Amino acid sequence: MRVFEDTYRHKGLRKKLVDLLRSKGITDEKVLTAINNIPRHFFLDSAFDEIAYEDKAFPIGEGQTISQPYTVAYQTQLLQIKPFDKVLEIGTGSIYQSSVLAEMGANVCTIERQKKLYDKTKQFIFKSKYPNIKFFYGDGYEGLPTYAPFDKVIITAGAPFIPPKLIQQLKPGGKMVIPVDEGHHQRMLRITKNADGSTYEEAFENFSFVPMLTGKNG
Ligand code: SAH
């Protein structure tokens with residue numbers, strides 16, 4: 001059985017990663033602290049132990065990837081997370097992004113469409129540390145109507161369009177951060193829902209995500 005160890009070396013590499021994220025423009029100290037607190041190498045196969053703190057996406061099986069730390073930090077910063085925010089995440093993947101949100105005190109509902117990745121969440125190493133993460137197997141385009149409305153929604157796969165049901169499930173005053181396809185890359189958008197239900201959109205940097213697919217795979 002794999003032994004999970006967070007050594008001084010890992011901690012040192014993690015601190016360097018946090019410094020790198022800061023130099024790339026991440027300013028939210030709460031986001032940087034969460035990244036500094038979470039052993040990213042625990043979320044990857046042991047083969048990645050030495051490189052887990054490079055600012056890169058890595059494979060996690062089923063053709064999917066753990067997002068690049070910069071991307072995780074960027075999306076989380078745009079969400080303006082407050083403790084007890086009710087957050088819906090589409091694309092659980094490795095659970096790393098969910099853990100960053102949970103570490104910041106959010107209550108997270110996360111949906112994964114790949115059955116094999118969803119099944120892995122049953123052995124999540126930080127289950128008792130983050131009881132504020134709930135896992136769902138399903139199609140993110142549908143959201144979670146029974147748990148709605150949410151303060152924040154984050155999509156961690158490249159969306160061909162803004163899913164209308166996810167806008168519906170956002171609270172008035174709530175924010176959604178979503179990478180939307182523009183051909184060969186995705187543009188990061190932040191959508192804020194006004195009190196009257198109308199929305200406004202802000203556009204940020206371009207990123208490269210695995211696609212947000214329809215239906216469940218299992
Ligand atoms: N947040 C993840 C990133 C995973 S990559 C992490 O921190 O590791 C994106 C994930 O979105 C993949 O696991 C993929 O299977 C999932 N996905 C893609 N389309 C989806 C959909 N419609 N509903 C739910 N999950 C989806």
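Values below: all heavy atoms of this structure, side chains included; hydrogens, waters and symmetry mates excluded. Computed from a prediction, not measured in an experiment: that's the story for all the values here. Every number for a ligand or one of its atoms is a count from 1 in the order of the listing.
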Student: Identify all pairs of nitrogen or oxygen atoms, one from ligand 1 and one from the protein, separated by less than 3.5 Å, and list them with distances.
Tutor:
from, atom 1, to, atom 2, distance (Å)
ligand 1, 1 (N), Glu89, OE2, 2.9
ligand 1, 1 (N), Gly91, O, 2.9
ligand 1, 1 (N), Thr156, OG1, 3.1
ligand 1, 7 (O), Gln97, N, 3.1
ligand 1, 8 (O), Ser94, N, 3.0
ligand 1, 8 (O), Ser94, OG, 2.6
ligand 1, 13 (O), Glu112, OE1, 2.7
ligand 1, 13 (O), Glu112, OE2, 3.3
ligand 1, 15 (O), Glu112, OE2, 2.5
ligand 1, 19 (N), Leu213, N, 3.0
ligand 1, 22 (N), Asp139, OD1, 3.2
ligand 1, 22 (N), Leu213, O, 2.6
ligand 1, 23 (N), Gly140, N, 2.7
ligand 1, 25 (N), Arg113, N, 3.3

Student: List the residues meeting side chain to side chain contact (heavy atoms under 4.5 Å, CB included) with Gln186, not counting sequence neighbours, and say none if there are none.
Tutor: Pro179, Asp181, Phe209
Student: Tell me whether Lys152 is salt-bridged to Asp85, with the criterion being a basic N under 4.0 Å from an acidic carboxylate O.
Tutor: yes
Student: Would you call Glu62-Lys115 a salt bridge at under 4.0 Å N-O?
Tutor: no
Student: Side chains of Leu88 and Leu144, heavy atoms from C-beta outward: is any pair under 4.5 Å?
Tutor: yes
Student: Can you measure from OH (Tyr96) to OG1 (Thr156) and round to the nearest 0.5 angstrom?
Tutor: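 So the OH of Tyr96 and the OG1 of Thr156 are separated by 13.5 Å.
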Student: Could Asp139 and Arg113 be called an ion pair, given the rule that one side-chain N must be under 4.0 Å from one carboxylate O?
Tutor: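 Salt bridge: no.
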